[in-house]
Novice: 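Dropping the structure in here first, questions after.
Chain letters run A, B, ... following the sequence lines, proteins first and then strands; every chain starts at 1.
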Amino acid sequence: MAQPPPASAGDPLDDADLEFEAALASHDLASAASPNSRTSTKASAPSGDYRDGAMYEPVGFGEFGAYMRNKRAKLQVQNKDLVEQAKGLPQIFRGLHIYINGYTDGITLPELQNLLIVHGGVYVPYLDQKSLVTHILAANLTPSKRHEFRDYKVTTPNWLTDSAKAGRLLDWRDYSLLAPVDTPPLPKGLEATAGARAAEDAARLGTQTGQRSLHRRKPTPPSPPRRRRRRAALAPTSPPAARSERQNALLGDQDWLMRHTSSSVDFLAGYFAQSRLHLISNFKEDLKMLVAATQQSLPSRKKKLTGRASDGRTVFHVDFDCFFVSAGLTSRPELRGKPICVCHSRGNADAASSTSEIASCSYEARACGVRNGMSLGRARELCPEIQTMPFEFELYKSISMTLYSILLKHASFLQAVSIDEVLMEIKVEPTILREHDPALERAQQIRAEIFDATGCPASIGISHNILLAKLATRKAKPANAYHLLAEEVDEFIATLGVDELPGIGWSMRDKLKAQLGVETVGDLRKVPPHKLAKAIGPDNGRKFAAFAQGVDDRELELGKARQSVSTEVNYGIRFPVDRHDLVERFVRQVGVETARRLREQGLQSRQLTLKVMQRHPEAPVEAPKMLGHGWCTTENKVSTLAGRSGGATDDGDIVGETACKLMRSLQAPPHELRGIAVQLSKLE
DNA sequence: ATCCTCCCCTAC
DNA sequence: TAAGGTAGGGGAGGAT
Ligand SMILES: Nc1ccn([C@H]2C[C@H](O)[C@@H](COP(=O)(O)OP(=O)(O)OP(=O)(O)O)O2)c(=O)n1
Ligand SMILES: [Mg+2]
């Protein structure tokens, strides 16, 4: 690789570090080279509509309800005064989680909270989808509140004070603010939460039809009453189809289950051969290694970044349009221009009820509301004529390699974001006039080069920091480039929804809305820093306050040492009653596989964590998603690893055995298992 | 403050 | 039928 030439005289970017600029410039010319264990438990909140891509939850989703519940319980116990006060008082509110929306004269909020807590209740500070709330106390009810609260037990603060006075739980309905409504009374007093939504999904999907199999010890509990969705926005336009006869037949056939789930020896290998999420995660790690091997480390800057335009950076974000679809289209030109998607289902038989996930869909399908991550069944409702294409993993990897080799020629300082996405920093002349934009011209040239080499359209976003480059890509898509200039940032960014900022997903979006009434980035800007920090934490508060101004001082990430290696399987985990032998065989396989991945990285580990998902006691036996994990509780068990000569190890037998030991110590009933993972950390 | 441990959350 | 993986940022609570 060429030595960095001296920085050119009269560099217009007097603000930038010379050494850094020189290195960047040189790389523009470079070519691509080619036995103490701990445990903890939490209940996992279930999904909303699992079939809706917007509600897609990654693995380990949402133990938020129970997490907050536990956390609040803990906070309360820490308050010694209250514990003392509670002694001898009847715990009439035990198990109740109460949100106080308003109260009347004659009593203060702290007094109400105190009264609630000393009688065993839990105070819920704010209302959102995930907080478990059994009752709401309100002094009055505007029409909009009436609508928002319609599925809760809404009553008055007097109910609380009177109950406390009486020393017993009075009927909340006697204090109800709601006129009698068409909604039936709630079943047990802990609904109106995400939990209830999942149960409801299950009921709608007909998942409790009582099929018998070795995979169930007891008859299915009665289906919870069907309830209206709490938020109209979540309701699909038409009720989703129930699981098909065929699906039910398979799930009830123990022979079939033994052959197609974790009870089969071959399951693990077959599963990873077909999992697209495994592919993209795994391949990303490969790309990070490739990039690290190809480029030298980022020279340190003399000046720290401010994250503003004055840094004089030019960041490019390159991202294929509907990547898996575009790749598939290279050999299927007849499907161009049509609504299509890539998923495992062939889309023939029971397509209407298919829970197969769409990995990528064409922009024509997106026009109907179809999204990546949605189930095929849901997509069919939105777009009946949608066609499917099979996965072609080798093709994706090959196209991705071509992309990376092209981009490595244009800039050696490059961050592997994903199989279809790259961040890079290129030294270009600054843009003076909109009519002459060297960065944009460079981007169009790169796009053409990518298209020529791969047959796939990529889009490129350009700006002076990572955040804005990524947002620019969204404006560019599909099949174009966009340079987001400093002077247009303010206006552009204010109108975005907060969840369009990278790093804000559904959880933080809901929290911002519930606690601060913040929905757009413009709203976010107006929040005082201390309030933001209180709602989302000090670091996040600072980060997103800066993001809201379009400010992002992050450097490209490259060549960072790996902190952990793990293997997770949260699909197809089904074992017959009492078959501990099959569980043990599977856990050992997962452990051996994880050790293999560790060796592949030339690493050793001193700590193993076993993660086990079990069906939540209130969840239906069969998850809404075919062979999915459904609503679960999760347990993590940690053990120190001891190699044959003491310290760290990469030995498959040791890792497998340690994982099995932790699994045995859990005493989990095999038929309730839904997910198993082994993570190795403390690497050296 | 700063660290550690156990989570949750996010992105693709 | 279907293949809901995985690394890393960061918050909360506690130890130092
Ligand atoms: N829930 C998801 C999201 C993405 N992917 C895979 C398939 C996508 O093609 C690829 C890249 O993800 P992107 O987020 O970049 O989405 P696309 O490239 O499909 O569309 P676009 O980038 O045009 O929005 O990752 C997936 O399997 N499941
Ligand atoms: Mg893409």
Novice: Specify whether A/F544 and A/F547 have parallel, tilted or perpendicular ring planes, treating 30° as the upper limit for parallel and 60° as the lower limit for perpendicular.
Specialist: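 Ring orientation of A/F544 relative to A/F547: perpendicular.
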
Novice: Taking only side-chain nitrogens and oxygens of A/S507, does any of them come within less than 4.0 Å of OP1 or OP2 of B/dC9?
Specialist: yes

Novice: Do the side-chain N or O atoms of A/R276 get closer than 4.0 angstrom to the phosphate oxygens (OP1, OP2) of C/dG4?
Specialist: yes

Novice: Return the nearest nucleotide to the side chain of A/H629; candidates are C/dG9, C/dG4, C/dT1.
Specialist: C/dG4

Novice: Over 60° means perpendicular and under 30° means parallel, so classify the ring planes of A/H344 and A/F391, tilted if in between.
Specialist: tilted

Novice: Does any N or O donor sit under 3.5 Å from an N or O acceptor when you compare the side chain of A/H260 with the base of C/dT1?
Specialist: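 For A/H260, whose side chain was compared with the base of C/dT1, there is a donor-acceptor pair (under 3.5 Å).
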
Novice: Only counting residues at least two apart or in another chain, list the ones meeting side-chain hydrogen bond (donor to acceptor under 3.5 Å, both in side chains) with A/E392.
Specialist: A/R332

Novice: Does a side-chain N or O from A/S566 land closer than 4.0 Å to OP1 or OP2 of C/dA7, or not?
Specialist: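 Affirmative; the distance criterion is met.
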
Novice: Please figure out whether A/Y571 or A/E285 has its closest DNA chain C nucleotide nearer the 5' end.
Specialist: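 Final value for this comparison: A/Y571.
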
Novice: Could I get the full list of salt bridge (Lys or Arg N to Asp or Glu O under 4.0 Å) partners for A/R599, not counting sequence neighbours?
Specialist: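 If we apply the salt bridge (Lys or Arg N to Asp or Glu O under 4.0 Å) test to A/R599, skipping adjacent residues, there are no hits.
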
Novice: Strictly below 4.0 Å: does A/K625 bring a side-chain N or O up to OP1 or OP2 of C/dA3?
Specialist: yes

Novice: Would you tell me if any nitrogen or oxygen in the side chain of A/K682 comes within less than 4.0 Å of OP1 or OP2 on B/dT5?
Specialist: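 Yes, within the criterion.
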
Novice: Considering only atom C1', compute the distance from C/dG4 to B/dC9 and round it to an integer number of Å.
Specialist: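 To the nearest whole Å, 16 Å.
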
